[in-house]
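Okay, so here's the structure we're looking at.
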Amino acid sequence: MTRDMQPTGIARLAEEQSTYAHFRSAHLVPNTPCLFPPSYSADWPIRRNIASDAGELDYEYLEQKFGTLAVTCIDCEASTSKLPNSEAPVASFRDLLELWRRGQGRTKYLKDWHLPLAVHRSGANGITGAAANGKGKERVREELYDVPPAWLDDWMNEYEGSEREDDFRFVYAGGGDTFTPLHRDVYCSYSISTQLFGRKRWYLFPPSCTASLQAVLKQAEWDGTSVNCDRWTEELKADPSGWYHSVHNLSHPTLSLNHNWSNAHNLAAIYRSLSLEAERCRDAIADVKEMLIEQARSDSTEGEEAGWRREWEETVNRLIEQSEGWSWPTFWRMTLFALSKLEQPLSVLEERASTSRWPLVPPEVCPPTEFVLQQVRPLLVEFRKRPEQEWRWLPGLDEVLASVERELKRLDGVLARSA
């Protein structure tokens with residue numbers, strides 16, 4: 001996190017601690033939150049330009065740069081005001097800015113806005129190949145920011161920026177009565193949040209509280225509501241204390257730039273979370289499984305199991321992708337992509353970065369290769385032993401795992417030769 005706030009019990013990094021080495025040893029390895037100093041993002045163009053010298057939101061600048069971009073807002077449950085009937089609908093960022101100008105839009109929340117991706121595409125418009133990525137990244141640097149070294153080692157965004165047309169970088173722009181209910185980030189990924197304008201209140205709950213919080217979340221799901229931590233009593237706030245969190249905007253308006261990200265340090269947590277999501281999806285459509293088995297018994301020409309297992313696993317996989325945007329094939333392809341970059345010459349890394357939306361990730365902001373192998377290898381062994389055998393039934397997944405195994409052997413050889 002990077003913001004001008006002083007939350008209780010969270011380490012605030014000094015200038016000299018704002019290095020990858022310190023961040024890794026003191027926070028990535030033990031999985032504890034921290035606050036980077038404001039100076040870490042002080043030179044970001046978006047942070048310099050978003051407000052006037054008087055500290056007011058610079059509406060003219062925001063409208064000129066991003067006003068035409070299409071956005072979709074949600075209406076949050078208001079805690080201190082009611083949504084006026086006269087508020088106009090929001091179809092573009094300019095519409096939201098206009099509401100804010102009039103003091104309206106307090107319950108409008110623009111969430112998960114892929115602004116860095118939109119800016120990249122605008123810079124690459126009409127250009128092809130590596131030149132397009134170069135222009136796109138240049139536009140992101142000029143209008144938004146450079147990704148800081150501490151979280152450059154980002155398997156999710158580097159994979160998405162090289163292999164797929166998506167990313168996990170978002171802007172959150174909300175009125176004074178907006179909030180994000182209690183949740184844990186997708187697949188236990190990390191989250192970095194930089195406060196660009198306004199103030200937020202964060203509720204952070206360490207993993208020791210997960211069991212207690214899950215009961216609260218299940219009840220809210222049953223009731224068809226969400227968990228608003230602002231409405232808890234002081235006693236309840238002190239009782240159930242992974243890291244689940246809830247975020248509440250305190251000023252009108254409020255803007256932040258967020259990343260969801262991952263690397264070898266939280267790979268096991270992502271694997272466990274994905275396993276639980278796969279189990280949940282199987283339970284949710286158990287009746288489909290029975291239907292497929294019955295159908296296979298009556299008309300299968302390739303053996304009873306093969307007649308239903310492949311379709312069943314593909315159905316479960318589609319459901320996981322629909323609910324979370326990820327699945328086992330994406331997880332293992334991302335892992336393969338990350339392994340293939342290790343122990344490569346800098347010239348190779350530079351060439352790969354030239355065809356990616358993600359910046360170059362130099363080896364000095366990554367953990368030792370031996371550490372990465374220690375995280376990946378047991379997960380691969382466990383996945384091969386899963387009774388569901390997704391690797392056998394999902395198209396292409398076995399080949400991906402075989403490639404992961406080859407990369408592990410390659411890296412073992414590199415480490416052995418350098419020992």
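These numbers come from a predicted model, not from an experiment. Starting from 1, each residue takes its place in the sequence as its number.
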For this session: Could you grab the distance from atom CD of E143 to atom CD1 of I46, nearest 0.5 Å is fine?
Result: 8.5 Å
Problem set entry | Distance-only donor-acceptor check, side chains R333 and T330, under 3.5 Å | no
For this session: Please round to the nearest 0.5 Å and tell me the distance separating atom CH2 of W308 and atom CE of M291.
Result: 12.5 Å
For this session: For L57 and I50, work out which heavy atoms get closest and say how close.
Result: CD1-O, 3.5 Å
For this session: May I ask you to say whether D398 pairs ionically with R384, meaning some side-chain N is under 4.0 Å from a carboxylate O?
Result: yes
Problem set entry | Donor-acceptor contact below 3.5 Å, side chain K108 vs main chain A173 | no
Problem set entry | Side-chain heavy-atom pair L415, T369 within 4.5 angstrom cut-off | yes
For this session: Measure the spacing between CD of E390 and CZ of R309 and express it to the nearest 0.5 Å.
Result: 8.5 Å
Problem set entry | Sidechain N-carboxylate O distance under 4.0 Å for R410, E407 | yes
For this session: Rounded to the nearest 0.5 Å, what's the gap from CG on L28 to SG on C34? Could you check?
Result: 8.5 Å
Problem set entry | Test item: D153 side-chain N/O and A150 main-chain N/O as donor-acceptor pair under 3.5 Å | no
For this session: Would you check if the side chain of S251 reaches a backbone N or O of T254 as a donor-acceptor pair within less than 3.5 Å?
Result: no
Problem set entry | Salt-bridge contact R272-E382 (side-chain N to carboxylate O under 4.0 Å) | yes
For this session: List the atom of N317, the atom of S327, and the distance in Å for their closest heavy-atom pair.
Result: OD1-CB, 3.0 Å
For this session: For the pair S275 and R386, evaluate side chain to side chain contact (heavy atoms under 4.5 Å, CB included) and give the outcome as yes or no after the intermediate values.
Result: CA-CA 10 Å; S275 298; R386 281 173 62 85; 3.5 Å; yes
Problem set entry | L117 side chain near R357 side chain, heavy-atom distance below 4.5 Å | yes
Exercise. Please walk me through it: do T335 and V400 pass side chain to side chain contact (heavy atoms under 4.5 Å, CB included)?
Worked result: CA-CA 10 Å; T335 302; V400 173; over 6 Å; no
Problem set entry | 4.5 Å side-chain heavy-atom contact, E63 and Y59 | no
Exercise. Is the closest side-chain heavy-atom distance between L69 and L115 below 4.5 Å?
Worked result: yes
Problem set entry | Expected output: side-chain H265 to main-chain P30 donor-acceptor under 3.5 Å | no
Problem set entry | Distance-minimising heavy-atom pair for M156 and W261 | SD-C, 3.6 Å
Problem set entry | Modelled atom types, side-chain donor and acceptor of T194 and R47, under 3.5 Å | no
Exercise. So, R169 and D154, do they make that salt bridge, N to O below 4.0 Å?
Worked result: no
Problem set entry | Cation-pi check, R24 onto F371 ring (under 6.0 Å, within 45° of axis) | yes
Exercise. When the ring centroid of Y190 is compared with that of H259, is the distance short of 6.0 Å?
Worked result: no
Problem set entry | Over 12 non-hydrogen atoms of neighbours within 6.0 angstrom of NZ in K135 | no
Exercise. Counting only N and O atoms by type, is there a donor-acceptor contact under 3.5 Å from the side chain of Q195 to the main-chain atoms of F197?
Worked result: yes
Exercise. Do the non-hydrogen side-chain atoms of L13 and H27 ever get within less than 4.5 Å of each other?
Worked result: yes
Exercise. Would you find more than 12 non-hydrogen atoms of other residues, nucleotides or ligands less than 6.0 Å from E370 atom CD?
Worked result: no
Problem set entry | Least distance between heavy atoms, E277 atom then S323 atom | OE2-OG, 2.9 Å
Exercise. Do the charged groups of R102 and E98 touch, with an N to O distance under 4.0 Å?
Worked result: yes
For this session: Assign the ring pair F36 / Y40 to parallel, tilted or perpendicular, where the plane angle (0 to 90°) is split at 30° and 60°.
Result: parallel
Exercise. Is there a side-chain contact between W113 and F66, using heavy atoms and a 4.5 Å cut-off?
Worked result: yes
Exercise. Would you say D95's side chain and S92's backbone share a donor-acceptor pair under 3.5 angstrom?
Worked result: yes
Exercise. Under 3.5 Å, is there a donor-acceptor pair between the side chain of R392 and the main chain of L397?
Worked result: no
Problem set entry | Side-chain ion pair, E165 and R121, N-O less than 4.0 Å | yes
Problem set entry | The single option from W393, W391, Y271 passing ring-ring contact (aromatic ring centres under 6.0 Å, His included) against W328 | Y271
For this session: Spell out, as yes or no, whether a donor-acceptor pair under 3.5 Å connects the side chain of R48 to the backbone of D43.
Result: yes
Problem set entry | Verdict with supporting geometry, L110 and V171, side chain to side chain contact (heavy atoms under 4.5 Å, CB included) | CA-CA 8 Å; L110 172 52; V171 162; 5.6 Å; no
Problem set entry | Shortest non-hydrogen separation from H114 to D167 and the atoms involved | ND1-OD1, 2.6 Å
Exercise. So, does S273 use its side chain to make a donor-acceptor pair with the main chain of I270 at under 3.5 Å?
Worked result: no
For this session: Would you kindly check if the NZ (Lys) or CZ (Arg) of R201 is within the cone defined by 45 degrees around the ring axis of F179 and under 6.0 Å from the six-membered ring centre?
Result: no
Seminar exercise, completed: The reported gap from CD in E142 to CG in D146 (rounded to nearest 0.5 angstrom) is 10.5 Å
For this session: Under the side chain to side chain contact (heavy atoms under 4.5 Å, CB included) rule, what do T178 and I74 come out as? Steps first, then yes or no, please.
Result: CA-CA 9 Å; T178 56; I74 65 169; over 6 Å; no
Exercise. Is there a side-chain contact between L411 and L339, using heavy atoms and a 4.5 Å cut-off?
Worked result: yes
Exercise. Does N260 offer a backbone N or O that forms a donor-acceptor pair with the side chain of N157 under 3.5 Å?
Worked result: yes
Problem set entry | Under-4.0 Å salt bridge between R282 and E313 | yes
For this session: Output the distance between atom CH2 (W155) and atom CZ (F337), rounded to the nearest 0.5 Å.
Result: 11.5 Å
For this session: Answer whether the closest heavy-atom distance between the side chains of S18 and P37 falls below 4.5 Å.
Result: yes
Problem set entry | Modelled atom types, side-chain donor and acceptor of D75 and Y109, under 3.5 Å | no
Exercise. If you look at every heavy atom in V365 and L152, which pair is closest and at what distance?
Worked result: CG2-CB, 4.2 Å
Exercise. Hey, do the aromatic rings of W151 and F168 have their centres closer than 6.0 Å?
Worked result: no
